[in-house]
Amino acid sequence: MMTNLKLIQELTELDKKHFLHPTSPIEQQQEQGAAFIFTEGNGVHLHDLAGNTVIDGMSSLWNVNVGHGRKELGQAAMDQMSTLAFTSCFATFSNEPAIRLAEKLSHIAPGDLSATFFTSGGSEANDTAYKLARHYWILKGQENRKKIISRTKSYHGVAMGATSATGLKPFRDFTNSLAPDFCYVDHASSQSLREVIEAEGPETIAAFIAEPVQGAGGVHVAPVNYFKEVRAICDEYDILFITDEVITGFGRTGTYFGMEHYGAAPDMMCFAKGVTSGYVPLGGVMLSERIHQEFTELSKGTLLHGYTYSGHPTACAVAIRNLEIIEQEHLIANAKAMGEEMLNGFKWIQSEREIVGEVRGLGLMGGIEIVKNQHTQERFQAPLVPQIVAEAAKRGLICRSVVFDGQDTLVFAPPLVINKREMSQLIEILNDSIQAIEKGMMKGNIQ
C-alpha cells in the first residue's frame with residue numbers, strides 16, 4: 001500500500017507538470033490532481049491506483065461498447081502488427097483489413113451507404129464529411145454550395161470544422177476565429193431547417209448534419225417524424241444529408257446505427273468510437289452509392305484529402321474483431337433490453353426524488369434532468385449535476401454532467417455488455433447520490 005501511495009504521489013505531480021488534459025478544468029487538475037489514475041478495466045468496471053472500483057456509466061467517452069479488458073481485441077492487434085502494423089493508403093496503396101472492414105460496413109450501414117473514407121476519429125470524420133460535401137458540389141459545377149447547417153445542442157468534435165459545426169456555443173467560444181459558412185437551426189424543428197435554407201438561399205447550402213440522438217448536448221432524442229421531414233426537405237432543395245453516428249453507431253441505441261429508428265437514410269454518415277470500442281483510434285465517413293458513383297465519374301485528378309492513418313491496418317483489424325464480438329454476443333439486443341431497464345430505473349428514481357424532472361433515453365443512452373420543481377420544470381440558480389456526478393464517483397459510479405445552454409442534465413452510456421445486476425447497481429448508486437444532494441438542500445446548503 002505504501003508503494004502505491006508513493007506511486008500515486010509521483011504520478012500526480014508528473015501529471016500536473018507534463019499532461020495537459022483534454023476537456024478538463026486546468027485549475028482543478030493543478031489543485032487536486034487527477035480525479036482517477038486508472039490501471040485496469042474489466043467489463044463495465046474500472047480500477048484505479050488507489051484501489052477503487054467504479055462502474056463506467058459512460059463507456060469512458062460513449063465508446064467502449066464491448067466493455068473493458070477484451071483480450072480478443074489485443075490479440076487481433078498483435079496478430080496484425082506481427083504481419084503488417086502499418087502502411088499508407090495514399091496513391092491507391094491498400095491492405096486487406098481496410099478493404100474487409102469497408103466491405104463489412106457496407107453490409108451493416110443504413111440505407112445504401114457503400115463506400116468508406118477512413119479517418120483516425122470522430123472530429124476528423126466530421127471535417128472530412130464537410131470537405132467531401134463541398135468538393136462534391138465543386139465537381140458538380142455548383143461552387144457556391146458551401147454552407148453547412150447543423151442543429152443547436154449538437155456536438156460534432158473539436159477540429160476546426162467540427163468545432164464550427166457544433167451547436168453548443170461554449171465550444172465555439174473557446175476560439176476567437178471559427179471557420180466560415182456554418183449555420184444553425186433549432187434542434188427539434190424541421191421547420192427551422194426550411195426557414196434557414198430559404199433565408200440563406202438553397203443554392204448556397206452544401207449539406208445538413210445531425211446526430212440521430214444528441215449525445216454531449218444532453219441526450220436529446222429527435223421528435224417523431226423529424227428525420228423523415230428533414231430527409232424530404234434535403235431532397236426538395238437538393239442538399240446533402242449527413243448523419244453523425246460517432247456516438248450512436250455500433251449498437252449504442254439498440255440498433256446497429258441510430259438512424260435505423262427513424263426510417264430515413266443519409267447521403268453520408270460519420271462514424272468512430274464504437275467501431276473499435278475505443279481500443280484503437282479509428283473513424284470514417286461513408287458515402288451512398290449515388291454519391292460514390294458521382295465522385296467516381298466526376299473526379300479526374302487526385303483526391304487531395306487524406307490522413308496518415310487513413311485505413312490503418314491494425315486499427316481496421318481490431319474493428320473487424322470488435323464487430324464480430326458485437327454480433328456474436330448479441331450486444332445490440334442487449335443494449336435494447338438493458339436500455340429499457342435503465343429508463344425504467346430512471347423513472348423509478350423520478351418517482352422517489354423530488355429534484356428529478358424529465359428522464360429520457362434510447363438504447364443505452366440516457367439523460368436525467370435536475371429541476372427545482374417537477375411540475376413547473378423550474379431549474380436551480382446554479383446547476384446541481386456537477387455535485388451529483390462527484391457524489392456518484394465517490395460511491396463508485398462514473399456519469400457525466402451537461403450544463404450547456406442552461407441545462408442541468410445527467411447523461412449515461414454504459415458498455416453494451418452491462419447485465420441486469422450491474423444495471424441495478426448503477427440505478428441504486430445514482431439514487432443514493434441524488435438523495436445525498438437532496439439532504440444537503442434540506443440543510444440549506446443549496447438554493
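If you're wondering where the values come from, they're calculated on a predicted model, not measured in any experiment.
Atom NE2 of His156 and atom CD1 of Ile247 lie 10.5 Å apart (nearest 0.5 Å). Taking CD1 of Ile209 as the reference point, atom CG of Asn126 lies at 4.5 Å (rounded to 0.5 Å). Rounded to the nearest 0.5 Å, atoms OG (Ser299) and CD1 (Ile138) are 11.5 Å apart. Note: Leu323 CG to Phe250 CZ = 6.0 Å, rounded to the nearest 0.5 Å. Here the CE-CG distance, from Met58 to Leu46, works out to 12.5 Å after rounding to the nearest 0.5 Å. In this structure, CD1 on Ile437 lies 5.0 Å from CD on Gln387, to the nearest 0.5 angstrom.
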Phe412/Phe346 under ring pair (Phe, Tyr, Trp, His ring centres under 6.0 Å): CA gap, chis, key distance, verdict: CA-CA 11 Å; Phe412 301 83; Phe346 290 172; 5.2 Å; yes

Intermediate values then yes/no, side chain to side chain contact (heavy atoms under 4.5 Å, CB included), Met268 and Leu240: CA-CA 8 Å; Met268 296 185 185; Leu240 297 179; 4.0 Å; yes

Check against side chain to side chain contact (heavy atoms under 4.5 Å, CB included), Asp238 and Trp137: CA-CA 11 Å; Asp238 202 16; Trp137 289 114; 3.6 Å; yes

Step-by-step side chain to side chain contact (heavy atoms under 4.5 Å, CB included) determination, Ile233 to Ile197: CA-CA 9 Å; Ile233 291 169; Ile197 291 171; 3.7 Å; yes

Test side chain to side chain contact (heavy atoms under 4.5 Å, CB included) applied to Thr253 and His261, step by step: CA-CA 9 Å; Thr253 67; His261 292 281; 3.0 Å; yes

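With sequence neighbours excluded, the residues satisfying ring-ring contact (aromatic ring centres under 6.0 Å, His included) with Phe171 are Tyr155, Phe404. With sequence neighbours excluded, the residues that form a side chain to side chain contact (heavy atoms under 4.5 Å, CB included) with Leu178 are Thr163, Ser164, Arg172, Thr175. Taking the side chain to side chain contact (heavy atoms under 4.5 Å, CB included) definition, one finds that Leu304 meets it with Thr302, sequence neighbours left out. With sequence neighbours excluded, the residues that form a side chain to side chain contact (heavy atoms under 4.5 Å, CB included) with Glu341 are Met338, Lys420, Met423. Residues that satisfy the ring-ring contact (aromatic ring centres under 6.0 Å, His included) test with His21, not counting sequence neighbours, are Phe19. For Gln75, the side chain to side chain donor-acceptor pair (under 3.5 Å) criterion is met by Asp79, not counting sequence neighbours. Legend: residues meeting ring-ring contact (aromatic ring centres under 6.0 Å, His included) with Phe182, ordered by chain and number and at least two apart, are Tyr130. Checked against side chain to side chain contact (heavy atoms under 4.5 Å, CB included), Ala436 has the following partners two or more places apart in sequence or in another chain: Glu391, Arg395. Phe38 is linked by a ring-ring contact (aromatic ring centres under 6.0 Å, His included) to Phe36, counting only residues two or more places apart in sequence or in another chain.
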Residues 313-320 side chain polar contacts: donor-acceptor under 3.5 Å, at least two apart:
unit_1: Thr314; atom_1: OG1; unit_2: Ala85; atom_2: O; d: 2.8

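Between the side chain of Ser351 and the main chain of Trp348, a donor-acceptor pair closer than 3.5 Å is present. Gln350 places a side-chain N or O within donor-acceptor distance of the main-chain N or O of Gly357, the cut-off being under 3.5 Å. Remark: side-chain polar atoms of Gln214 are not paired, donor with acceptor, to backbone N or O of Val221 under 3.5 angstrom. Between the Arg145 side chain and the Ala206 main chain, no donor and acceptor come within less than 3.5 Å of each other. Between the side chain of Asn225 and the backbone N or O of Lys228 there is no donor-acceptor pair closer than 3.5 Å. Checked by atom type and distance alone, the side chain of Ser106 never pairs as donor or acceptor with a backbone atom of Ser114 at under 3.5 Å. Remark: the backbone N or O of Thr204 is not paired with any side-chain donor or acceptor of Asn144 at under 3.5 angstrom. In terms of modelled atom types and a separation under 3.5 Å, the side chain of Thr255 and the main chain of Phe257 share a donor-acceptor contact. For Asp186 (side chain) and Ser192 (main-chain N/O), no donor-acceptor pair under 3.5 Å exists by modelled atom type. Remark: side-chain polar atoms of Ser310 are paired, donor with acceptor, to backbone N or O of Phe118 under 3.5 angstrom.
Looking at Glu229 and Ser190, their side chains do bring a donor and an acceptor atom within 3.5 Å of each other. Side-chain contact check for Glu72 and Tyr279: no donor-acceptor pair (N or O, by modelled atom type) lies under 3.5 Å. Residues Gln407 and His220 have side chains that bring a donor and an acceptor to within less than 3.5 angstrom of each other. Of the N and O atoms on the side chains of Asp56 and His45, not one donor lies less than 3.5 Å from an acceptor on the other residue. Between the side chains of Thr128 and His305, a donor-acceptor pair is found at a separation under 3.5 Å. A donor atom on one side chain and an acceptor atom on the other are found under 3.5 Å apart for Ser59 and Arg252. A donor-acceptor contact closer than 3.5 angstrom is absent between the side chains of Tyr237 and Glu203. Donor-acceptor pairing under 3.5 Å is lacking for the side chains of Thr296 and Gln293. With 3.5 Å as the limit, one finds no donor-acceptor pair spanning the side chains of Asn42 and His68. Looking only at atom types and distance, the side chain of Glu124 has no donor-acceptor partner in the side chain of Tyr307 under 3.5 Å away.
Between Asn322 and Val275 the shortest side-chain heavy-atom distance does not fall below 4.5 Å. Within the 4.5 Å cutoff, no side-chain heavy atoms of Phe117 are placed close to those of Met286.
When the shell of 6.0 Å around NZ of Lys104 is examined, it contains more than 12 heavy atoms from other residues, nucleotides or ligands. The number of heavy atoms from other shown groups lying within 6.0 Å of CG (Leu20) does not exceed 12. Under a cut-off of 6.0 angstrom, the local environment of NE2 in His292 is sparse, with at most 12 non-hydrogen atoms contributed by other residues, nucleotides or ligands.
For residues 349-363, the salt bridge (charged side-chain N to carboxylate O under 4.0 Å, His left out) pairs, not counting sequence neighbours, are Arg353-Glu438, Glu358-Arg360, Arg360-Glu369. The salt bridge (charged side-chain N to carboxylate O under 4.0 Å, His left out) contacts involving residues 264-280 comprise Arg231-Asp267, Asp267-Arg290, where partners must be two or more places apart or lie in separate chains.
Nearest heavy-atom pair across Ala272 and Gly122 is CB-N, 3.4 Å.
His312 and Phe86 have tilted rings, their planes meeting at an angle from 30° to 60° on a 0 to 90° scale. The aromatic rings of Phe227 and Tyr262 sit tilted, their planes meeting at an angle between 30° and 60°.
A salt bridge is defined here as a Lys NZ or Arg NE, NH1 or NH2 lying under 4.0 Å from an Asp or Glu carboxylate O, and Arg134 with Glu143 fails to meet this definition.
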